[in-house]
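Encoded as C-alpha coordinates, the structure appears first; notes follow it.
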Amino acid sequence: MMSSELYPVIFKRKSVRKFVKEPLENSVLDDIRRQITTLEPLFEDIKTEVAILGEKEMGGIFSIKAPHYLAIYSEEKEGYLLNAGYLLQQLDLYLSKEEIGTVWLGLGKPQENLKAKNGLPYVITLAFGKANEKLHRKSISEFKRKAAAEISSVKGAPILVEAVRLAPSSTNNQPWYLESSEGGISVYCKKISKLKNTFFPLGKKLIAIDMGIALCHLKIAGLHLEKDIKFKKENKAETTNYDYVITAVLE
Ligand SMILES: Cc1cc2nc3c(=O)[nH]c(=O)nc-3n(C[C@H](O)[C@H](O)[C@H](O)COP(=O)(O)O)c2cc1C
(Lines give C-alpha, C1' and ligand atoms only; values in the text may rest on other atoms or scores of the structure.)
Protein backbone atom coordinates (compact mmCIF):
# COMPACT_ATOMS: atom_id res chain seq x y z
CA MET A 1 0.00 0.00 0.00
CA MET A 2 2.76 2.47 0.92
CA SER A 3 3.78 3.80 -2.44
CA SER A 4 4.79 7.01 -4.18
CA GLU A 5 1.49 6.69 -6.09
CA LEU A 6 -0.17 8.17 -3.03
CA TYR A 7 2.16 11.20 -3.03
CA PRO A 8 0.11 13.45 -5.38
CA VAL A 9 -3.00 12.81 -3.27
CA ILE A 10 -1.41 14.66 -0.33
CA PHE A 11 -1.80 17.90 -2.34
CA LYS A 12 -5.47 17.52 -3.14
CA ARG A 13 -7.15 15.49 -0.39
CA LYS A 14 -9.66 17.14 1.90
CA SER A 15 -12.18 16.04 4.48
CA VAL A 16 -15.58 15.26 3.01
CA ARG A 17 -18.50 15.66 5.41
CA LYS A 18 -21.46 15.22 3.07
CA PHE A 19 -21.97 11.82 1.54
CA VAL A 20 -24.41 10.31 -0.93
CA LYS A 21 -26.60 7.94 1.10
CA GLU A 22 -26.28 4.98 -1.23
CA PRO A 23 -23.59 2.45 -0.46
CA LEU A 24 -20.64 1.97 -2.80
CA GLU A 25 -20.71 -0.97 -5.22
CA ASN A 26 -19.66 -4.35 -3.89
CA SER A 27 -16.70 -4.50 -6.27
CA VAL A 28 -15.40 -1.23 -4.77
CA LEU A 29 -15.84 -2.53 -1.22
CA ASP A 30 -14.07 -5.77 -2.20
CA ASP A 31 -11.16 -3.74 -3.53
CA ILE A 32 -10.99 -1.80 -0.24
CA ARG A 33 -10.99 -5.11 1.67
CA ARG A 34 -8.05 -6.20 -0.47
CA GLN A 35 -6.23 -2.93 0.20
CA ILE A 36 -6.68 -3.41 3.94
CA THR A 37 -4.55 -6.57 3.71
CA THR A 38 -1.68 -4.56 2.18
CA LEU A 39 -1.47 -1.83 4.84
CA GLU A 40 2.00 -1.32 6.32
CA PRO A 41 2.25 -0.81 10.07
CA LEU A 42 4.60 1.60 11.80
CA PHE A 43 5.23 -0.99 14.52
CA GLU A 44 5.11 -4.64 13.47
CA ASP A 45 4.51 -5.96 16.97
CA ILE A 46 1.13 -4.28 17.56
CA LYS A 47 -1.89 -6.42 16.67
CA THR A 48 -4.56 -4.51 14.74
CA GLU A 49 -7.66 -5.15 12.68
CA VAL A 50 -9.46 -2.87 10.26
CA ALA A 51 -13.16 -3.50 9.63
CA ILE A 52 -15.69 -1.93 7.29
CA LEU A 53 -18.82 -0.95 9.24
CA GLY A 54 -22.17 -0.03 7.75
CA GLU A 55 -24.23 3.14 8.07
CA LYS A 56 -26.15 1.91 11.12
CA GLU A 57 -23.15 0.55 12.97
CA MET A 58 -21.63 3.92 13.87
CA GLY A 59 -23.18 6.58 16.08
CA GLY A 60 -22.14 9.36 18.45
CA ILE A 61 -23.93 12.69 18.73
CA PHE A 62 -21.34 14.64 16.76
CA SER A 63 -20.73 11.86 14.30
CA ILE A 64 -21.05 12.33 10.55
CA LYS A 65 -23.50 10.22 8.53
CA ALA A 66 -21.81 8.13 5.88
CA PRO A 67 -22.71 4.89 4.11
CA HIS A 68 -19.52 3.18 5.35
CA TYR A 69 -16.91 3.47 8.05
CA LEU A 70 -13.43 2.01 8.37
CA ALA A 71 -12.90 1.22 12.03
CA ILE A 72 -9.50 0.31 13.40
CA TYR A 73 -9.08 -1.93 16.42
CA SER A 74 -5.78 -2.35 18.22
CA GLU A 75 -3.91 -3.84 21.09
CA GLU A 76 -3.23 -0.92 23.44
CA LYS A 77 0.56 -1.22 23.47
CA GLU A 78 3.01 1.70 23.50
CA GLY A 79 2.80 3.50 20.16
CA TYR A 80 -0.59 2.04 19.21
CA LEU A 81 -2.20 5.41 18.49
CA LEU A 82 0.68 6.46 16.23
CA ASN A 83 0.38 3.09 14.53
CA ALA A 84 -3.40 3.44 14.08
CA GLY A 85 -3.03 6.89 12.50
CA TYR A 86 -0.25 5.64 10.25
CA LEU A 87 -2.35 2.67 9.06
CA LEU A 88 -5.66 4.43 8.41
CA GLN A 89 -4.03 7.41 6.69
CA GLN A 90 -2.85 5.00 4.00
CA LEU A 91 -6.52 4.22 3.35
CA ASP A 92 -7.52 7.89 3.58
CA LEU A 93 -5.11 8.70 0.73
CA TYR A 94 -5.97 5.57 -1.24
CA LEU A 95 -9.72 6.28 -1.11
CA SER A 96 -9.18 9.91 -2.10
CA LYS A 97 -7.07 8.70 -5.06
CA GLU A 98 -9.99 6.44 -6.02
CA GLU A 99 -12.36 9.46 -5.94
CA ILE A 100 -14.07 8.32 -2.74
CA GLY A 101 -14.76 10.89 -0.01
CA THR A 102 -13.39 10.38 3.51
CA VAL A 103 -13.27 12.07 6.89
CA TRP A 104 -11.54 11.04 10.09
CA LEU A 105 -14.06 10.75 12.91
CA GLY A 106 -12.63 11.24 16.38
CA LEU A 107 -16.16 11.74 17.65
CA GLY A 108 -17.69 8.60 16.14
CA LYS A 109 -18.79 5.75 18.39
CA PRO A 110 -19.44 2.23 17.12
CA GLN A 111 -22.41 0.22 18.37
CA GLU A 112 -21.89 -1.52 21.68
CA ASN A 113 -21.20 -4.93 20.10
CA LEU A 114 -18.56 -3.40 17.80
CA LYS A 115 -16.47 -1.75 20.50
CA ALA A 116 -14.01 -4.65 20.30
CA LYS A 117 -13.07 -7.13 17.61
CA ASN A 118 -11.32 -10.40 18.39
CA GLY A 119 -10.45 -8.95 21.77
CA LEU A 120 -8.90 -5.78 20.31
CA PRO A 121 -10.44 -2.47 21.50
CA TYR A 122 -11.83 0.08 19.01
CA VAL A 123 -9.54 3.05 18.36
CA ILE A 124 -10.92 5.37 15.66
CA THR A 125 -12.86 5.57 12.42
CA LEU A 126 -12.61 6.96 8.93
CA ALA A 127 -16.02 7.62 7.36
CA PHE A 128 -16.19 7.08 3.61
CA GLY A 129 -18.52 7.01 0.63
CA LYS A 130 -19.42 8.84 -2.56
CA ALA A 131 -18.89 12.56 -1.90
CA ASN A 132 -21.87 14.90 -2.05
CA GLU A 133 -19.58 17.93 -2.02
CA LYS A 134 -16.27 18.87 -3.57
CA LEU A 135 -13.92 15.89 -3.35
CA HIS A 136 -10.50 17.42 -3.99
CA ARG A 137 -8.68 20.72 -3.56
CA LYS A 138 -7.40 22.40 -6.67
CA SER A 139 -4.45 24.16 -5.12
CA ILE A 140 -2.35 24.22 -1.97
CA SER A 141 -3.74 27.66 -1.13
CA GLU A 142 -7.03 25.92 -0.25
CA PHE A 143 -5.38 24.12 2.68
CA LYS A 144 -5.74 25.89 6.04
CA ARG A 145 -2.33 25.13 7.48
CA LYS A 146 0.49 26.72 9.49
CA ALA A 147 3.44 28.07 7.50
CA ALA A 148 6.39 25.70 7.03
CA ALA A 149 8.59 27.86 9.29
CA GLU A 150 6.12 27.36 12.13
CA ILE A 151 6.33 23.58 12.01
CA SER A 152 9.93 22.94 11.02
CA SER A 153 13.51 24.08 11.34
CA VAL A 154 14.72 21.45 8.86
CA LYS A 155 16.83 22.82 6.03
CA GLY A 156 17.09 21.16 2.64
CA ALA A 157 14.11 18.79 2.75
CA PRO A 158 11.17 20.93 1.56
CA ILE A 159 9.32 17.97 0.03
CA LEU A 160 9.26 16.06 3.31
CA VAL A 161 8.28 19.11 5.36
CA GLU A 162 5.48 20.01 2.95
CA ALA A 163 3.99 16.50 3.08
CA VAL A 164 3.74 16.73 6.88
CA ARG A 165 2.48 20.31 6.78
CA LEU A 166 -0.51 19.33 4.64
CA ALA A 167 -1.53 16.34 6.76
CA PRO A 168 -4.99 16.35 8.33
CA SER A 169 -5.26 16.54 12.12
CA SER A 170 -8.00 16.59 14.74
CA THR A 171 -9.55 20.07 15.00
CA ASN A 172 -6.81 21.02 12.52
CA ASN A 173 -4.38 21.24 15.43
CA GLN A 174 -1.26 20.49 13.38
CA PRO A 175 0.67 19.44 16.50
CA TRP A 176 3.87 18.44 14.65
CA TYR A 177 7.34 19.95 14.68
CA LEU A 178 10.30 18.74 12.64
CA GLU A 179 13.96 19.24 13.43
CA SER A 180 17.13 18.05 11.68
CA SER A 181 19.05 15.33 13.47
CA GLU A 182 21.97 13.12 12.51
CA GLY A 183 20.88 10.99 9.57
CA GLY A 184 17.37 12.25 9.46
CA ILE A 185 14.53 14.28 10.86
CA SER A 186 13.34 14.20 14.44
CA VAL A 187 9.62 14.49 14.87
CA TYR A 188 8.09 16.28 17.86
CA CYS A 189 4.53 16.77 19.06
CA LYS A 190 3.30 19.97 20.65
CA LYS A 191 2.32 19.49 24.27
CA ILE A 192 -1.43 19.41 24.75
CA SER A 193 -1.33 22.39 27.14
CA LYS A 194 0.12 24.47 24.27
CA LEU A 195 -2.62 23.61 21.79
CA LYS A 196 -5.93 25.38 21.33
CA ASN A 197 -9.18 23.55 20.66
CA THR A 198 -8.35 20.28 22.35
CA PHE A 199 -10.36 18.52 24.96
CA PHE A 200 -8.45 16.40 27.42
CA PRO A 201 -8.37 13.37 27.47
CA LEU A 202 -9.93 12.79 24.03
CA GLY A 203 -7.63 15.44 22.57
CA LYS A 204 -4.54 13.68 23.85
CA LYS A 205 -5.54 10.45 22.16
CA LEU A 206 -6.38 12.21 18.90
CA ILE A 207 -3.11 14.13 18.83
CA ALA A 208 -1.14 10.88 18.97
CA ILE A 209 -3.22 9.65 16.03
CA ASP A 210 -2.49 12.95 14.22
CA MET A 211 1.23 12.28 14.65
CA GLY A 212 0.83 8.84 13.08
CA ILE A 213 -0.92 10.47 10.13
CA ALA A 214 2.01 12.90 9.73
CA LEU A 215 4.49 9.99 9.78
CA CYS A 216 2.49 8.31 7.01
CA HIS A 217 2.79 11.45 4.87
CA LEU A 218 6.52 11.63 5.66
CA LYS A 219 7.03 8.02 4.60
CA ILE A 220 5.16 8.55 1.31
CA ALA A 221 7.10 11.74 0.51
CA GLY A 222 10.28 9.75 1.19
CA LEU A 223 9.17 7.11 -1.32
CA HIS A 224 8.54 9.89 -3.83
CA LEU A 225 12.22 10.87 -3.34
CA GLU A 226 13.19 7.20 -3.64
CA LYS A 227 14.24 7.15 0.01
CA ASP A 228 13.02 4.42 2.27
CA ILE A 229 12.42 6.12 5.61
CA LYS A 230 12.83 4.01 8.74
CA PHE A 231 11.41 5.27 12.01
CA LYS A 232 13.62 4.90 15.06
CA LYS A 233 13.12 6.01 18.63
CA GLU A 234 16.19 7.88 19.88
CA ASN A 235 17.04 9.31 23.26
CA LYS A 236 15.91 12.87 22.98
CA ALA A 237 14.64 15.08 25.73
CA GLU A 238 11.30 16.83 25.61
CA THR A 239 11.39 20.62 25.45
CA THR A 240 9.13 23.18 27.10
CA ASN A 241 6.63 23.09 24.28
CA TYR A 242 7.17 19.73 22.59
CA ASP A 243 7.41 16.01 23.30
CA TYR A 244 9.80 13.91 21.23
CA VAL A 245 8.01 11.29 19.12
CA ILE A 246 10.42 9.50 16.77
CA THR A 247 13.21 10.06 14.26
CA ALA A 248 12.78 9.49 10.53
CA VAL A 249 16.03 8.01 9.22
CA LEU A 250 16.54 8.41 5.47
CA GLU A 251 18.20 5.47 3.79
C1 LIG B 1 -7.69 12.12 14.26
C2 LIG B 1 -8.69 13.02 13.60
C3 LIG B 1 -9.99 13.13 14.09
C4 LIG B 1 -10.94 13.95 13.46
N5 LIG B 1 -12.22 13.97 13.94
C6 LIG B 1 -13.16 14.69 13.27
C7 LIG B 1 -14.53 14.65 13.70
O8 LIG B 1 -14.88 13.97 14.67
N9 LIG B 1 -15.43 15.38 12.99
C10 LIG B 1 -15.07 16.12 11.88
O11 LIG B 1 -15.92 16.75 11.28
N12 LIG B 1 -13.77 16.17 11.44
C13 LIG B 1 -12.83 15.46 12.11
N14 LIG B 1 -11.52 15.47 11.66
C15 LIG B 1 -11.16 16.20 10.44
C16 LIG B 1 -10.32 17.47 10.71
O17 LIG B 1 -11.15 18.47 11.24
C18 LIG B 1 -9.65 17.92 9.40
O19 LIG B 1 -8.80 16.90 8.95
C20 LIG B 1 -8.85 19.20 9.55
O21 LIG B 1 -9.70 20.26 9.89
C22 LIG B 1 -8.10 19.57 8.26
O23 LIG B 1 -8.97 19.71 7.17
P24 LIG B 1 -8.82 18.82 5.87
O25 LIG B 1 -8.85 17.37 6.29
O26 LIG B 1 -10.01 19.16 5.02
O27 LIG B 1 -7.52 19.15 5.19
C28 LIG B 1 -10.56 14.69 12.31
C29 LIG B 1 -9.25 14.59 11.82
C30 LIG B 1 -8.33 13.77 12.44
C31 LIG B 1 -6.97 13.66 11.85
Side-chain angles (χ1 to χ4, degrees), residues 1-3 5-7 9-10 13-17 19 24 28-29 31-44 46-54 57-58 60 63-64 66-77 79-98 100-110 114-118 120-129 131 163-164 166-176 189 202 205-221 223 231 245-246:
M1 164 65 83
M2 275 292 184
S3 119
E5 276 179 36
L6 295 178
Y7 178 71
V9 190
I10 290 174
R13 68 148 294 288
K14 67 185 263 299
S15 296
V16 165
R17 296 188 175 82
F19 296 92
L24 294 167
V28 175
L29 294 172
D31 172 58
I32 296 169
R33 282 189 198 96
R34 249 193 325 276
Q35 299 303 328
I36 290 172
T37 66
T38 71
L39 295 177
E40 289 173 38
L42 182 61
F43 302 121
E44 303 272 353
I46 302 178
K47 277 201 203 95
T48 57
E49 281 206 35
V50 176
I52 300 183
L53 307 186
E57 293 176 315
M58 185 63 63
S63 187
I64 286 168
H68 311 283
Y69 301 90
L70 278 159
I72 184 160
Y73 297 83
S74 174
E75 241 181 320
E76 292 181 342
K77 272 189 182 170
Y80 80 100
L81 294 169
L82 277 180
N83 193 51
Y86 190 83
L87 284 165
L88 273 200
Q89 187 57 16
Q90 295 168 45
L91 285 169
D92 178 49
L93 294 172
Y94 177 79
L95 292 172
S96 185
K97 175 164 98 62
E98 297 296 309
I100 296 169
T102 62
V103 65
W104 279 89
L105 271 189
L107 300 173
K109 277 207 176 86
L114 292 163
K115 286 197 168 145
K117 197 159 188 278
N118 298 329
L120 304 174
Y122 165 81
V123 184
I124 194 161
T125 285
L126 198 62
F128 71 101
V164 169
L166 297 178
S169 56
S170 50
T171 55
N172 206 19
N173 256 311
Q174 309 163 63
W176 33 75
C189 175
L202 180 65
K205 174 180 168 186
L206 296 180
I207 287 162
I209 294 171
D210 296 339
M211 294 307 299
I213 293 172
L215 297 181
C216 172
H217 278 209
L218 196 54
K219 176 81 181 184
I220 288 166
L223 292 173
F231 293 102
V245 178
I246 210 159

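Using a 4.5 Å cut-off on side-chain heavy atoms (C-beta onward), S74 and E76 make no contact. Here the side chains of L95 and L70 are in contact, with some heavy-atom distance below 4.5 Å. Put simply, the side chain of V123 reaches to within 4.5 Å of the side chain of Y80, judged on heavy atoms. A 4.5 Å side-chain heavy-atom check between P168 and R13 finds at least one atom pair inside the cut-off. Looking at L6 and Y94, their side chains come closer than 4.5 Å, going by heavy atoms from C-beta outward. In this structure the side chain of P67 never reaches within 4.5 angstrom of the side chain of L24, judged on heavy atoms.
Judged purely by atom type and a 3.5 angstrom limit, H217 uses its side chain to pair as donor or acceptor with the backbone of A163. For the pair Q90 (side chain) and E40 (backbone), a donor-acceptor distance under 3.5 Å is present. Although no hydrogens or angles enter the test, the distance criterion places a donor-acceptor pair under 3.5 Å between the side chain of E57 and the main chain of G54. Without hydrogens or angle criteria, S169 side chain to Q174 main chain gives a donor-acceptor distance under 3.5 Å. Remark: side-chain polar atoms of N83 are not paired, donor with acceptor, to backbone N or O of P41 under 3.5 angstrom.
Atom CG of L107 sits about 8.5 Å away from atom CD1 of I64, to the nearest 0.5 Å. Rounding to the nearest 0.5 Å places CG of L81 at 8.5 Å from CD1 of I124. Atom-to-atom distance recorded for W104:CH2 and T125:OG1 is 9.0 Å, nearest 0.5 angstrom. Atoms CE and CG, from M2 and L93 in turn, are 8.5 Å apart once rounded to the nearest 0.5 Å. The NZ atom of K219 sits 9.0 Å away from the CG atom of L42 when rounded to the nearest 0.5 Å. In this structure, the separation between CE on M211 and CD1 on I246 is 9.5 Å, given to the nearest 0.5 Å.
Defined by atom type and a distance below 3.5 Å, a donor-acceptor pair is missing between the side-chain atoms of E49 and Y73.
Closest approach of A66 and F128 over heavy atoms only: CB-O, 3.9 Å. What you find for S3 and I220 is that their closest heavy atoms are O-CG2, 3.8 Å. Between Q89 and D92, the shortest heavy-atom contact is NE2-OD2, 2.9 Å. Contact between I72 and A84 at its shortest, heavy atoms only, is CD1-CA, 3.9 Å. Residue T48 comes nearest to L87 through the heavy atom pair OG1-CD1, 3.8 Å, listed as atom of the first residue, atom of the second, then distance. Closest approach of I52 and L29 over heavy atoms only: CD1-O, 4.1 Å.
In this structure, E98 places its CD atom where more than 12 heavy-atom neighbours from other residues, nucleotides or ligands lie under 6.0 Å away. Applying the 6.0 Å contact sphere to NZ of K47 captures no more than 12 heavy atoms from other residues, nucleotides or ligands. Enclosure of atom NZ in K109 is not indicated, since only 12 or fewer non-hydrogen atoms of other residues, nucleotides or ligands lie within 6.0 angstrom.
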Item to check | Test side chain to side chain contact (heavy atoms under 4.5 Å, CB included) applied to Y86 and F231, step by step | outcome: CA-CA 12 Å; Y86 190 83; F231 293 102; 3.8 Å; yes
Checklist entry - Can you list the steps and then say if T102 with L91 is a side chain to side chain contact (heavy atoms under 4.5 Å, CB included)? => result CA-CA 9 Å; T102 62; L91 285 169; over 6 Å; no
Next on the checklist: I'd like to know whether V164 forms a side chain to side chain contact (heavy atoms under 4.5 Å, CB included) with L215, so could you lay out the CA-CA distance, the side-chain angles of the two residues, the decisive distance to 0.1 Å, and finally the verdict.
Outcome noted: CA-CA 7 Å; V164 169; L215 297 181; over 6 Å; no
